[in-house]
Structure formats: structure tokens, C-alpha cells
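Worksheet: one structure, shown below.
This is a predicted model, so every value here is computed, not measured.
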Amino acid sequence: MYLYFMRHGKTVWNAARKMQGQTDIPLNEEGILQAQKACRLLFDVDFTACYTSPLQRAKLTARTVLKGKDTPIIIEPLLKEISFGIYEGQSLNLAERDPTAPLNRFFHDSLNYIPPKDGESFYELLRRNLQFLNKIMAMDYPEDSKILITSHGAFIRGIVTLSANLSISQFWRRQPLKNCGMTVVKADKNGYSLLKEAVDVLGGEKP
């Protein structure tokens, strides 16, 4: 089967460059328009099923992209974004640029990143990634099925890390995934492999 991992549309916190994690931030107006455009561009793709993170930005993206279709949408908690714990809502610019910021290692030294209180480590995220892949591969979908999966940036990077057989130190050394962008993974009895990464759907690229 083919797994089409889509990052949700833009949110208020994306626009303000704040760390979202598992805080349940909705799509903003631009994010809704992005999902509507993705719906038009992907209308001819026949998705067998859709799995979505329970966070509203991912759920609304799924419902909007699949508008006009009868594709079943299944809410899957494993698809939630990585948790930043007590640091959710902090400035992304500060975390990326200030070496003294607690979350700086998240972006620049993933191997030695220590999560804050109530946050998740990269290892915990990859464990969820693997749990989801094993769960979907155990489902009785036909080999040529196309499954839409609406999730989040770091979660999908974790999927790339596993399916491309990368180390945690390489977590951020890949192409950035835009809002409503897609990464495609093939899953079969032999395992899973990365087919396409960071497809710019809204820019006209085909997944």
C-alpha cells in the first residue's frame, strides 16, 4: 500500500512561529484555504481511507481535503505531534537561534536533545512512528491502496527517519515539509520504504 503523509494547513501559531507540539491550535484562514486548494489538486487521487491526528488542525485538514468524497476518516492518537511539554507556545525563533535556549538542541543537536517536563524525546516519537507503521501494515488493505494520513511536521520527519533508515542525528538534515505538503511511503510484507519526500502539493508537485 501507499501511505500519503500530509502535514496540516497553516495555523495562527505557525504564522507567529510558536512551538505547537500537542497544543490544540486550529487552522487559520490561510490554512483553510491551503486545505481547500489541496482538495482541488488531489481530487483525482482515490484514497481508500484516511487516518488523522486527533488535533483539530489535522482533522480539519483531512475533512477539507476529502470534501466531496466518501473516504472514511479514522482518528488515530499515534499521529499526534511530538510534545514539547512546558515549552509549547514559546518562540520558534528563540529555540532555533539562541544556543542557550532549552529547545535549541531539538534543532541543532538532536542526538543529545533532552525533552522538557511532560515533553517527548526523539526516541519516544520514533516509537510512536513505528507503532503506527506496524498498525497500518497489519490492516487488510489491498496492495495498491492509497491511504491519506494527516499529521504534523516532526511526526512526518520521524516517518522519513525510519523509512529512509536514518539516524536521529540526521533528523533535520532533510527537505523541509510545507503546510499541506506530502511525503509518500510504500508499505508491504517486506517492510516500508520512502518513495517521495516533501512534495510541494500547493506548488503543483504531484505526490
Side-chain angles (χ1 to χ4, degrees), residues 1-11 14 19-22 35 38 42 45 47-55 57-59 61-62 65-66 71 73-84 106-107 110-111 113 115 119-139 141 143-202 205-207:
M1 77 185 82
Y2 298 88
L3 309 178
Y4 290 72
F5 289 91
M6 173 178 275
R7 185 185 175 202
H8 59 79
K10 198 170 195 176
T11 71
N14 283 149
M19 306 289 288
Q20 287 186 123
Q22 295 182 5
L42 298 171
V45 181
F47 291 112
T48 304
C50 171
Y51 289 80
T52 181
S53 157
L55 299 179
R57 57 192 185 267
K59 287 193 296 184
T61 298
V65 169
L66 294 172
T71 307
I73 299 176
I74 300 112
I75 295 173
E76 175 50 72
L78 289 171
L79 294 171
K80 286 192 294 187
E81 180 60 299
I82 190 171
S83 172
F84 296 112
F106 180 77
F107 296 103
S110 348
L111 206 56
Y113 170 66
E120 284 182 295
S121 68
F122 283 107
Y123 296 98
E124 289 169 319
L125 173 65
L126 292 174
R127 189 178 304 125
R128 277 201 289 119
N129 291 143
L130 187 57
Q131 285 176 324
F132 176 74
L133 288 172
N134 288 338
K135 183 174 184 177
I136 198 77
M137 287 166 66
M139 303 295 288
Y141 289 117
E143 287 185 6
D144 60 350
S145 295
K146 296 177 180 178
I147 312 297
L148 176 64
I149 300 156
T150 54
S151 187
H152 309 269
F155 184 91
I156 297 173
R157 279 186 182 269
I159 292 292
V160 170
T161 300
L162 289 177
S163 58
N165 197 27
L166 305 174
S167 74
I168 288 177
S169 64
Q170 297 170 294
F171 192 89
W172 295 110
R173 299 176 192 175
R174 308 292 293 186
Q175 301 176 58
L177 182 63
K178 297 180 179 180
N179 291 108
C180 289
M182 277 183 159
T183 285
V184 185
V185 172
K186 183 179 181 181
D188 56 31
K189 61 184 179 181
N190 297 315
Y192 41 84
S193 57
L194 182 65
L195 292 185
K196 294 185 178 182
E197 181 183 358
V199 177
D200 183 6
V201 174
L202 301 182
E205 294 181 3
K206 299 294 183 183

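- For F106, the ring pair (Phe, Tyr, Trp, His ring centres under 6.0 Å) criterion is met by F84, Y113, F122, W172, not counting sequence neighbours.
- K10 pairs by the side chain to side chain donor-acceptor pair (under 3.5 Å) definition with E30, not counting sequence neighbours.
- Identified under the salt bridge (charged side-chain N to carboxylate O under 4.0 Å, His left out) test for residues 147-163, with sequence neighbours left out: none.
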N/O donor-acceptor pairs under 3.5 Å from side chains in residues 184-192, not counting sequence neighbours:
residue : atom : partner : partner atom : Å
D188    : OD1  : N190    : N            : 2.8
D188    : OD1  : G191    : N            : 3.4

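- Listed for the K196 side chain is a donor-acceptor partner under 3.5 Å among the backbone atoms of K206.
- For the atom pair CG of N165 and OG of S193, the computed distance is 11.5 Å after rounding to the nearest 0.5 Å.
- Contact record, M6 with A38: CE-CB, 4.1 Å, taken as the closest heavy-atom pair.
- A distance of 14.0 Å separates CE in M1 from NZ in K146, rounded to the nearest 0.5 Å.
- Shown here are the side chain to side chain donor-acceptor pair (under 3.5 Å) partners of T52, two or more places apart in sequence or in another chain: T150.
- Put simply, the side chain of Y123 reaches to within 4.5 Å of the side chain of I168, judged on heavy atoms.
- Side-chain contact check for V65 versus L148: some heavy-atom pair is nearer than 4.5 Å.
- Distance check, rounded to the nearest 0.5 Å: OG of S163 to CG of L3 gives 9.5 Å.
- Here the side chains of C180 and V201 are not in contact, with every heavy-atom distance at 4.5 Å or above.
- Closest of all the heavy-atom pairs between L162 and L133 is CD1-CD1, 4.2 Å.
- Residue pairs meeting the salt bridge (charged side-chain N to carboxylate O under 4.0 Å, His left out) criterion with at least one partner in residues 164-183, sequence neighbours excluded, are R174-E197, K178-D200.
- Note that CD1 of I159 and CD1 of I149 are 7.5 Å apart. Values are rounded to the nearest 0.5 Å.
- A ring pair (Phe, Tyr, Trp, His ring centres under 6.0 Å) check over residues 144-168, counting only residues at least two apart or in different chains, returns the pairs H8-H152.
- Taking every heavy atom of both residues into account, P176 and A198 meet most closely at O-CB, 3.4 Å.
- Residue pairs meeting the salt bridge (charged side-chain N to carboxylate O under 4.0 Å, His left out) criterion with at least one member in residues 122-138, sequence neighbours excluded, are E76-K135, E120-R128.
- With Q22 contributing its side chain and E81 its backbone, the two residues share a donor-acceptor pair below 3.5 Å.
- Applying the ring pair (Phe, Tyr, Trp, His ring centres under 6.0 Å) criterion to Y141, with sequence neighbours excluded, gives no partner residue.
- For the atom pair CD (Q131) and CG (L79), the distance works out to 11.5 Å, reported to the nearest 0.5 Å.
- Nearest approach of N14 to G9, heavy atoms of both residues: OD1-O, 3.9 Å.
- Counting heavy atoms from C-beta outward, F171 and L125 have side chains that approach closer than 4.5 Å.
- From C50, atom SG reaches atom CD1 of I74 across 7.5 Å, with rounding to the nearest 0.5 Å.
- The minimum heavy-atom distance linking L42 with M182 is given by the pair CD1-CE, 3.7 Å.
- Annotation: side chain to side chain donor-acceptor pair (under 3.5 Å) contacts of Q20 (sequence neighbours excluded): T11.
- By the side chain to side chain donor-acceptor pair (under 3.5 Å) test, S169 pairs with S167, sequence neighbours left out.
- Nearest heavy atoms, F47 versus L66: CD1-CD2, 3.9 Å.
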